[in-house]
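What follows is a short report on a single structure.
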Amino acid sequence: MKIRKSIVVAIVIVAAAAVVVVSGNALSDSGGKKADMRRGGRGDTVVSVKTQELKVETLHGYVSTNGEVESQNSVSVFPDIAGKIVETSVMLGSSVRKGEIIAYVDPSAPGSYYKKSPVYAPISGSVISTPIKNGTTVSTGTAVCVIGDINNLQVSANVPERYVSVLAVGLKADVSVEAYPGVVFPATVTRVSPVVDASSRTKQVILQFDEKDPRVNAGMFAKVVLFTEDYDGFVTMPSDSLVQNGDSYFAYVLTGKGTVSKREVSLGKTVDGIVQITSGVEAGERVVVQGQTALADGSKVQDISEKTPKKVSSGGGDKKDASRSGGTKK
């Protein structure tokens, strides 16, 4: 009986071992098949990437700063005598003519009484600053209000000293105001201050709007994008699509065999994350812009870029201009 039990136990152990071996082979085969599937079924990894066709484009460098909308011609109004403002006939925005009385000053003091002295408008225009309230004591150096021509507006902006070398009359700019988000009012630099303000380390520039627009009012806060230099003559691509190795930069160029070629490139100017490539690649070639970190020279790839449908021209030549990329911001 003991011998038979020993034989039965041995048979059970052998059968269990056989099951383990078979299971191990099955798992090994399954893992191998999955690995082959991940490698495209040929043992070579295929990386999904997105590419972009290289084109020669112009980058527009710019300086971004703040400014204020103001009248081109404005004058502060001062009284001829010191005293108290006893009467004001205008308010903010009022239209006045040259020689019109806008306020009265009473020069009287305790124990002495004098006739009220009128304050005249030195020019025709509109009141663009809040007049001093009645009862306020003023001197001959106190401005009662400011009168300006609100039909002809300009923008004054201060540009940091480090950008002084690129400032010039005739530079174009895009002006925007908070009241109209997304609306751009084109303007042109008409004057550049000859000096740098020692306290703020900025130089003032004056811009005039290319077209009059009633939506723009004196006193508005303005955001100014001042275009300084154009960089053209080279192909461009996103700077974060490059691979850096020490002081060298590389781009992966798509070949006609479903692989990529690693090319060392030379860089030009960079504006808002778009960089010029001065050598190493040519216009018309496609470079990898996403997925480049998993690549090496000769890697097999699958381009999953969305194909842009061709647009049908509705007449006339479709002249392509480079997008307005930005530059250094204040």
Side-chain angles (χ1 to χ4, degrees), residues 65-161 175-180 185 187 189-209 211-224:
T65 186
N66 299 323
E68 184 176 348
V69 180
E70 58 188 20
S71 172
Q72 290 183 20
N73 182 27
S74 60
V75 176
S76 296
V77 183
F78 299 95
D80 294 328
I81 193 170
K84 286 185 178 181
I85 298 291
V86 292
E87 184 179 339
T88 304
S89 58
V90 296
M91 62 179 58
L92 183 65
S94 296
S95 296
V96 296
R97 293 182 179 181
K98 181 178 180 180
E100 182 180 340
I101 297 176
I102 60 176
Y104 284 95
V105 175
D106 184 2
S108 300
S112 60
Y113 299 93
Y114 299 93
K115 185 179 180 180
K116 294 185 297 183
S117 174
V119 180
Y120 298 98
I123 62 172
S124 298
S126 299
V127 178
I128 59 176
S129 71
T130 304
I132 291 180
K133 296 180 179 179
N134 293 341
T136 303
T137 300
V138 297
S139 67
T140 55
T142 305
V144 175
C145 66
V146 178
I147 298 175
D149 181 9
I150 62 174
N151 293 321
N152 294 291
L153 301 177
Q154 64 184 24
V155 176
S156 63
N158 295 320
V159 178
E161 182 181 359
V175 178
S176 59
V177 295
E178 293 184 350
Y180 301 98
F185 303 95
V189 175
T190 57
R191 188 172 72 84
V192 178
S193 172
V195 298
V196 173
D197 186 277
S199 59
S200 63
R201 289 325 212 178
T202 60
K203 178 171 279 195
Q204 186 185 57
V205 295
I206 302 298
L207 306 98
Q208 290 185 5
F209 292 99
E211 296 182 1
K212 295 182 179 180
D213 196 307
R215 293 176 293 181
V216 181
N217 304 138
M220 281 185 168
F221 173 80
K223 293 183 179 179
V224 180

Exercise. Between Asn66 and Lys223, is a side-chain contact (heavy atoms from CB on, under 4.5 Å) present by the stated rule, with each step listed?
Worked result: CA-CA 5 Å; Asn66 299 323; Lys223 293 183 179 179; 4.1 Å; yes

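In this structure, Met91 and Val127 approach most closely via the heavy-atom pair O-CB, 3.5 Å. In plain terms, the two heavy atoms of Val155 and Ala222 that are nearest each other are CG1-CB, 4.3 Å. Annotation for Ser108 and Tyr114: closest pair OG-N, 2.8 Å, computed over non-hydrogen atoms.
In this structure, the side chains of Ile102 and Pro131 stay at 4.5 Å or more apart for every pair of heavy atoms. A heavy-atom distance below 4.5 Å is not found between the side chains of Glu161 and Lys203. With a 4.5 Å cut-off on side-chain heavy atoms, Val77 and Val119 count as touching. For the pair Val216/Tyr180, no side-chain contact is recorded, criterion being any heavy-atom separation below 4.5 Å from C-beta on. The shortest side-chain heavy-atom distance between Glu178 and Met220 does not fall under the 4.5 Å cut-off. No side-chain heavy atom of Val195 sits less than 4.5 Å from a side-chain heavy atom of Gln204. You'll find the side chain of Lys116 reaches within 4.5 Å of the side chain of Val86, heavy atoms only.
Annotation: side-chain hydrogen bond (donor to acceptor under 3.5 Å, both in side chains) contacts of Ser200 (sequence neighbours excluded): Asp197, Thr202.
Residue Asn158 holds its CG atom at 10.5 Å from CD of Glu68, rounded to the nearest 0.5 Å. In this structure, the separation between CG on Asp106 and CD on Glu87 is 11.5 Å, given to the nearest 0.5 Å. To the nearest 0.5 angstrom, Lys133 atom NZ is 13.5 Å from Ile85 atom CD1. The distance from atom CG of Asp149 to atom OG of Ser126, rounded to the nearest 0.5 Å, is 7.5 Å. Taking CD1 of Ile123 as the reference point, atom NZ of Lys98 lies at 9.0 Å (rounded to 0.5 Å). Distance check, rounded to the nearest 0.5 Å: OG of Ser95 to CD of Glu100 gives 9.0 Å.
Under a cut-off of 6.0 angstrom, the local environment of CZ in Arg97 is sparse, with at most 12 non-hydrogen atoms contributed by other residues, nucleotides or ligands.
The backbone N or O of Val105 lies less than 3.5 Å from no partner atom in the side chain of Ser117, so there is not a single donor-acceptor pair. Remark: side-chain polar atoms of Ser139 are not paired, donor with acceptor, to backbone N or O of Ala82 under 3.5 angstrom. Thr65 contributes no side-chain N or O that, together with a main-chain N or O of Val159, makes up a donor-acceptor pair within less than 3.5 Å.
Of the candidates Ile128, Ile147, Val146, Ile128 is the only one forming a side-chain contact (heavy atoms from CB on, under 4.5 Å) with Ser71. Of the residues Leu207, Leu153, Ile150, the one that meets the side-chain contact (heavy atoms from CB on, under 4.5 Å) test with Val69 is Leu153. Tested against Gln154, the residues Gln72, Gln208, Glu70 include a single side chain to side chain donor-acceptor pair (under 3.5 Å) partner, Glu70.
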